[in-house]
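In what follows, chains are A, B, ... by sequence order, proteins preceding strands, each numbered from 1. These numbers come from the heavy atoms of this one structure, side chains and all, not from hydrogens, waters or symmetry mates.
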There are 2 protein chains.
Amino acid sequence: MRYRDENKVQSIKQKAIEMIAGEGLENFGINRLAKSAGVSPATIYIYYKDKEDLINSIVQEETEKWVAALFRNFDPEMSFEEGLWVQWKNRADSAIKHRDVNLFMEKIRNTSYGKDQQIKISQCMANFMGDFVKNAVKRGEITFNTLEVYWAVAFAPLYTLVKFHQEGRSISGRSFKLTEEIMRETFNHVIKALKK
Amino acid sequence: MRYRDENKVQSIKQKAIEMIAGEGLENFGINRLAKSAGVSPATIYIYYKDKEDLINSIVQEETEKWVAALFRNFDPEMSFEEGLWVQWKNRADSAIKHRDVNLFMEKIRNTSYGKDQQIKISQCMANFMGDFVKNAVKRGEITFNTLEVYWAVAFAPLYTLVKFHQEGRSISGRSFKLTEEIMRETFNHVIKALKK
DNA sequence: TTTTAAAATGAGCGATCGCTTATTTATTTT
DNA sequence: AAAATAAATAAGCGATCGCTCATTTTAAAA
C-alpha cells in the first residue's frame, strides 16, 4: 500500500500558518490553502476531518511547542529575578525566531479556535508559575495577593512590547524594535514593582 | 422625497457590532446582518459602499467614541498619580458599560480593519500623553526613557486585567472580576515601578 | 391631489465556500 | 508479475457569499 507523504502534510500546516498569519482567519479558505500548498482540496480531508479540525489541530500543536519554548532553561527553584528574566528572554526569542507562528497565534487568540489555546496556556502558566512564585514569596523576594495581578504586572508589559515589535509600529508611530536594552529597561521597572 | 430612517441605520450598526463581538469577523456576513437587523441586504448598500466600508465606518466611529471616553475628566496638568488613575478608571468603566463595543474592538484589532484603528488610538494616546508625561517628568514625579516602555509599564497591566474580565476567565481558570480593589492593588504596583 | 425623487425591498446573479465522490496513482505484499 | 490497499486527485456538488437590479413604497414639494 501507499504511505503518506509527510512533505504534503507539512506543507499544508506551514501554508495554513502563513496564510492566517498574513491575512487573518476571515480570508482563510480550504480551496485557497490547497492551491497554495500544492495539493488537491480532497487531500486535506485525508489528514483532517474538516476545516475546524484542521485549525484546531494546528493551534494545539503550535501551542504546545510555544509553551515549551517559554519554559526552556527555566527552573522553579531559580531566584525570582533570574527565573522571570529567563521567561522574558524566551518569549522575546520566540517572537523573533518564529514570527509566522506568533502572528498566527495572535490572529487565533480572539476567535472561537482560541478558547482551548488560552486554557492550555493558562494551565501551563499556572503550573509552572505556581511553584516559582511560591518559592519567591517564601524567600521574601516578592509579595502579591492575586495571581492575575501578578501576571498582569510581571508579563503584560513584555507582551505589549512584543506586539509592538511584531507589528513594527508603536505609540509614537515610528518603527519599533524590541532590543535587549529596552527589554532590560522594562524589566527593571517590573522588578521594582514586584520586589518587596 | 423620502427621508432616511435613522432607526434602520442604527439597527444595522448595532447588530453588526453585536454579531462581530459575539462570533467574530470570520462568521460575519451581509445577508445574515440584514436578516438580523430586519432590513433588506440592498438597504445596507444605501448606507455603505461595500462590506469593507461598513466595517471601516463602524470601527472609525466607535474608535473615536472609545478614545474620547478614555480621556473623560482627564487633564494633562493633573498630578501623575491622579491623571493615570483617571485613565485607568475610564478604561475599566468603558469595558463594563460598553461590553459589546469593547469585544467588537478586540475582535477587530488583529485584522486588516484594525490598522487605522490602532494608528488613531496611538496618535491620540501620544498627543494626550505627551504633555501629561512631560509635565510629570518636569515635576520630577517619574522617570523613563522610551515612550513605548512607559506605555507598556503604565497601561499593559490594566489592559490585561480588562481582557481577563471581559472573557470572564484568567490564569487560574477561575472566573475573574475586575474589582476596584484589584485595580488599586495593580495600580500601586505600577506607580511603584514608575515613580522615582 | 399630483408629481417627484430617494428610500427600501425581494429576488437572484456570478463567484466562492466547505466538502465529497469516482477514479487514478503509487507502493507494499503475495 | 499480480493483487491489494491507501494516498492522492480532478471535477464538481449544494450552500452561501457579497452584491445588484427592477420595482415598490414613502413622504416632501409643487
Side-chain angles (χ1 to χ4, degrees), chain A residues 1-61 104 107-108 111-116, chain B residues 1-61 104 107-108 111-116:
Chain A
M1 78 165 192
R2 186 175 177 179
Y3 283 149
R4 290 186 175 186
D5 185 345
E6 270 302 314
N7 294 333
K8 282 200 160 52
V9 60
Q10 285 304 328
S11 171
I12 292 168
K13 279 188 212 168
Q14 184 55 40
K15 289 293 176 185
I17 290 172
E18 285 174 21
M19 287 174 74
I20 293 175
E23 314 160 48
L25 255 184
E26 72 271 21
N27 299 118
F28 174 74
I30 294 292
N31 289 350
R32 292 176 63 239
L33 171 61
K35 188 162 286 185
S36 166
V39 301
S40 161
T43 304
I44 293 174
Y45 291 89
I46 295 171
Y47 298 100
Y48 303 100
K49 181 171 154 278
D50 51 27
K51 186 186 174 184
E52 190 184 339
D53 179 49
L54 164 73
I55 297 173
N56 278 332
S57 298
I58 297 177
V59 168
Q60 187 165 336
E61 197 172 321
F104 167 82
K107 306 273 183 189
I108 293 293
T111 71
S112 54
Y113 302 104
K115 291 269 150 59
D116 294 341
Chain B
M1 77 164 191
R2 185 175 178 180
Y3 284 149
R4 290 186 175 186
D5 184 345
E6 271 303 313
N7 293 333
K8 281 199 160 51
V9 60
Q10 286 303 328
S11 170
I12 292 169
K13 278 188 214 169
Q14 184 55 40
K15 289 293 176 185
I17 290 171
E18 284 174 23
M19 287 174 74
I20 293 175
E23 314 161 48
L25 256 184
E26 73 270 21
N27 299 118
F28 174 73
I30 294 293
N31 289 350
R32 292 177 61 238
L33 171 61
K35 188 162 283 184
S36 168
V39 301
S40 163
T43 304
I44 293 174
Y45 290 89
I46 296 170
Y47 297 100
Y48 303 100
K49 181 172 154 277
D50 51 26
K51 187 186 174 186
E52 190 184 339
D53 179 49
L54 163 75
I55 297 174
N56 277 331
S57 299
I58 297 177
V59 168
Q60 186 165 336
E61 196 173 319
F104 167 82
K107 305 273 183 188
I108 293 293
T111 71
S112 55
Y113 304 103
K115 292 269 149 59
D116 295 342

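- Heavy-atom nearest nucleotides on DNA chain C were determined for R4(B) and for N27(A), and the one closer to the 5' end corresponds to R4(B).
- Residues Q14(A) and Q10(A) bring no donor and acceptor atom of their side chains to less than 3.5 Å of each other.
- The CD atom of E26(B) sits 13 Å away from the P atom of dC17(D) (whole-angstrom rounding).
- Screening I20(A), V39(A), I12(A) against L33(A) for a side-chain contact (heavy atoms from CB on, under 4.5 Å) leaves a single residue, I12(A).
- With rounding to the nearest 0.5 Å, the separation of NZ in K8(A) from CD1 in I46(A) is 9.5 Å.
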Determine, for nucleotides 10-16 of chain C in 5'-to-3' order, which nucleotides have protein heavy atoms under 4.0 Å from the base (write B), from only the sugar-phosphate (write S), or from neither (write -). B------
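- DNA chain D is contacted by both G29(B) and Y3(A); Y3(A) maps to the nucleotide lying nearer its 5′ end (nearest heavy atom per residue).
- In this structure, Y47(B) does not reach the dA7(C) phosphate: none of its side-chain N or O atoms is under 4.0 Å from OP1 or OP2.
- Nearest approach of A21(A) to F104(A), heavy atoms of both residues: CB-N, 3.8 Å.
- OP1 and OP2 of dA5(C) both lie 4.0 Å or more from every side-chain N or O belonging to R2(B).
- Atom NZ of K8(A) is separated from atom P of dT27(C) by 10 Å (rounded to the nearest Å).
- Look at K51(B) and E26(A) and you find no salt bridge, because none of the NZ, NE, NH1 or NH2 atoms lies under 4.0 Å from a carboxylate O.
- Rounded to whole Å, the distance from CZ on F28(A) to C1' on dC19(C) is 14 Å.
- S36(A) approaches K15(A) most closely through the heavy-atom pair OG-CD, 3.2 Å.
- Put simply, NZ on K51(B) is 12 Å from P on dC17(C), counting in whole angstrom units.
- Across the protein-nucleic acid pair, K35(A) atom NZ and dA8(D) atom C1' stand 17 Å apart, rounded to whole Å.
- Listed pair Y45(B) / dC19(D) meets the phosphate criterion, a side-chain N or O lying under 4.0 Å from OP1 or OP2.
- To the nearest angstrom, C1' of dT23(C) lies 13 Å from CD1 of I46(A).
- Between the P atom of dA5(C) and the CG atom of D5(B) lies a distance of 22 Å, rounded to the nearest Å.
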